Amino acid sequence: MRRRLLQRFLILGPMLLGVSLIAFLLPFVSGGDPVRTILMSRVHDLAADPTAVEAMRVHLGLDRPLPVQYGAWLWRALHGDLGYSFTSGRPVAFEIGGALGVSVTLALTALGIAAAIAIPLGTLAATRPGGKVDSATTLMIQTFVATPEYWLAPIGILVFAVYLRWLPSAGWTDWTSRVLPAMVLSLRPMAYFTQVTRAAMMDVLQAPYITAARSRGLSMRQTVVRHGLRNGSLPIVTFFALWLAGLLGGSVVIEVIFAVPGMGRLLYNAVIDRDIPMLQGGFVCIVALSILINTAADILYVALNPAVRSGHAY
C-alpha cells in the first residue's frame with residue numbers, strides 16, 4: 001500500500017508541472033500571434049497597428065525568451081496570480097474561484113443524486129438477474145447513455161418550468177433553481193453507476209463468503225447489506241471521482257442552457273471572447289483539480305479495498 005501511494009505522489013509533481021506548461025503554451029500553439037490575438041480581443045480590430053503590437057509585446061514581456069516567460073508566469077501562478085481577464089478586467093483567480101464553487105456544487109449534487117438512485121437500483125437488479133427490475137434497469141441504462149444532455153435539458157425545462165411551473169427555467173439563485181440542472185446532469189452518470197453497481201454486485205453475490213453467509217441463515221437482504229454492499233460499491237468510488245473531475249469543466253451544455261455561472265460557462269465565454277488569461281487559468285485549475293481528485297480516489301480505493309492494502313491485487 002505504501003509503495004502504491006508513494007508512486008502516486010512521486011508522479012503528482014511532474015504531472016502538475018506538465019499541465020502548467022501546456023496552459024502557458026496555449027496562446028502560442030493556437031495559431032497566430034498571441035499579441036495580435038490579445039489586441040483583437042480588446043479592440044476587435046483585425047488590422048492592428050504594428051507599433052501598438054510591438055508596444056504590447058514589450059509591456060507583456062512577450063519579447064523575452066519562452067523559458068524566461070514560462071518561469072515568470074509559473075512563479076506568479078504559484079502565488080495565486082493568474083493575470084487579469086481581458087473581458088471583465090478582474091483577476092482571473094477571483095473569477096475562477098466563484099465559478100469553480102458553482103461547478104463543484106452542481107457536480108456534487110448531480111453525482112449525489114446519481115449514486116443515491118444507482119446503488120440500490122443496481123443492487124436490486126443484481127439480486128434478480130433477468131427479472132422485471134433487471135430488464136427495466138437495462139432499458140433505463142441504454143436510454144440515458146444514448147440520450148444527449150442538449151436534448152434532455154430543453155425537455156426538462158418544457159415539462160417542469162413551462163407546463164408544470166414547479167421550477168425556474170434558468171439561473172442560480174436559490175435551491176429551486178439548482179434542482180433542474182442537477183437532475184438533468186445526473187441522468188447519464190446515474191446510468192453508468194447503475195451498470196457498474198449491477199455488474200460488481202453480480203460478481204460479489206457469487207463469492208464464497210456470500211454463500212457462507214447465506215448458509216448461516218441470513219436472508220438475501222441481510223447478506224447484501226452486511227457483506228455485499230461494501231465490496232460491490234467499490235467501483236463507484238473510482239467512477240464518482242472520474243465523473244466529478246469531468247463535470248467540473250465538462251458540463252458546458254448544461255451551464256449554458258440553464259445560465260449557470262460555473263466553470264463550463266466561464267470557459268465557453270472565454271473562448272468566444274478570446275480571453276487568453278481566463279483560458280490559461282481555467283485550464284490549469286480544472287486539470288490540476290482533476291489530477292488531485294483522481295489521486296484522492298486512488299488513496300480512498302486502497303483504504304477501502306483489503307486486497308489492495310495487503311498487496312494481493314497486484
Side-chain angles (χ1 to χ4, degrees), residues 104-160 164 166-167 175-176 178-207 209-211 213-214 218-248 250-251 253-254 258 293-294 297 300-301 304-305:
V104 169
T105 301
L106 177 62
L108 287 178
T109 304
L111 293 178
I113 294 171
I117 297 174
I119 292 177
L121 186 60
T123 302
L124 183 61
T127 58
R128 299 169 184 173
K132 294 182 179 180
V133 174
D134 189 24
S135 301
T137 300
T138 302
L139 178 62
M140 182 271 293
I141 291 172
Q142 295 174 348
T143 300
F144 287 141
V145 167
T147 307
E149 293 169 346
Y150 60 79
W151 188 84
L152 290 171
I155 294 297
I157 292 174
L158 190 65
V159 173
F160 294 102
L164 298 177
W166 289 353
L167 300 168
W175 68 270
T176 58
R178 307 176 187 185
V179 173
L180 196 51
M183 286 296 296
V184 174
L185 195 61
S186 70
L187 294 178
R188 190 182 291 258
M190 181 182 67
Y192 282 104
F193 288 179
T194 304
Q195 187 176 29
V196 170
T197 302
R198 177 183 177 276
M201 285 301 300
M202 289 185 70
D203 290 338
V204 167
L205 292 178
Q206 295 176 3
Y209 67 88
I210 296 295
T211 305
R214 293 281 288 158
L218 294 179
S219 65
M220 176 59 74
R221 180 177 178 275
Q222 292 174 322
T223 303
V224 170
V225 172
R226 294 184 186 181
H227 304 285
L229 276 179
R230 180 176 179 179
N231 292 329
S233 59
L234 276 177
I236 295 294
V237 174
T238 303
F239 264 70
F240 192 97
L242 290 174
W243 274 95
L244 177 59
L247 291 181
L248 290 182
S251 55
V253 173
I254 295 298
F258 289 101
I293 289 173
N294 286 318
L300 183 60
Y301 187 86
L304 294 176
N305 195 333

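Along the sequence shown, the residues carry numbers beginning at 1. Computed from a prediction, not measured in an experiment: that's the story for all the values here.
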Q. Testing Leu247, Leu111, Leu185 for side chain to side chain contact (heavy atoms under 4.5 Å, CB included) with Leu106, which one passes?
A.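 Filter result, single survivor: Leu185.
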Over all heavy atoms of both residues, which pair between [X] and [Y] is shortest? Give the atoms and the distance, please.
| X | Y | result |
| --- | --- | --- |
| Phe240 | Gly112 | CE1-N, 4.3 Å |
| Leu139 | Thr143 | O-OG1, 2.8 Å |
| Ala182 | Ala110 | O-CB, 3.5 Å |
| Ser186 | Ala114 | O-CB, 3.7 Å |
| Ala191 | Ile141 | O-CG1, 3.7 Å |
| Ala241 | Ile293 | O-CG2, 3.7 Å |

[atom2] on [Y] to [atom1] on [X], rounded to 0.5 Å:
| X | Y | atom1 | atom2 | result |
| --- | --- | --- | --- | --- |
| Trp243 | Leu108 | CH2 | CG | 14.5 Å |
| Leu180 | Ile254 | CG | CD1 | 8.5 Å |
| Met183 | Met190 | CE | CE | 7.5 Å |
| Thr109 | Trp175 | OG1 | CH2 | 12.5 Å |
| Leu121 | Thr137 | CG | OG1 | 4.0 Å |

Q.
Does Met140, at its CE atom, have more than 12 non-hydrogen atoms belonging to other residues, nucleotides or ligands within less than 6.0 Å?
A.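 Yes.
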Note, [X] side chain near [Y] side chain (heavy atom, < 4.5 Å):
| X | Y | answer |
| --- | --- | --- |
| Phe193 | Ile119 | no |
| Leu187 | Thr147 | no |
| Thr105 | Arg178 | yes |
| Tyr150 | Val184 | no |

Q: Apply side chain to side chain contact (heavy atoms under 4.5 Å, CB included) to Trp166 and Thr176, showing your working.
A: CA-CA 9 Å; Trp166 289 353; Thr176 58; over 6 Å; no
**Q.** Arg198 (side chain) donor-acceptor with Ala118 (main chain) under 3.5 angstrom
**A.**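 Side chain of Arg198 to backbone of Ala118: no pair is present.
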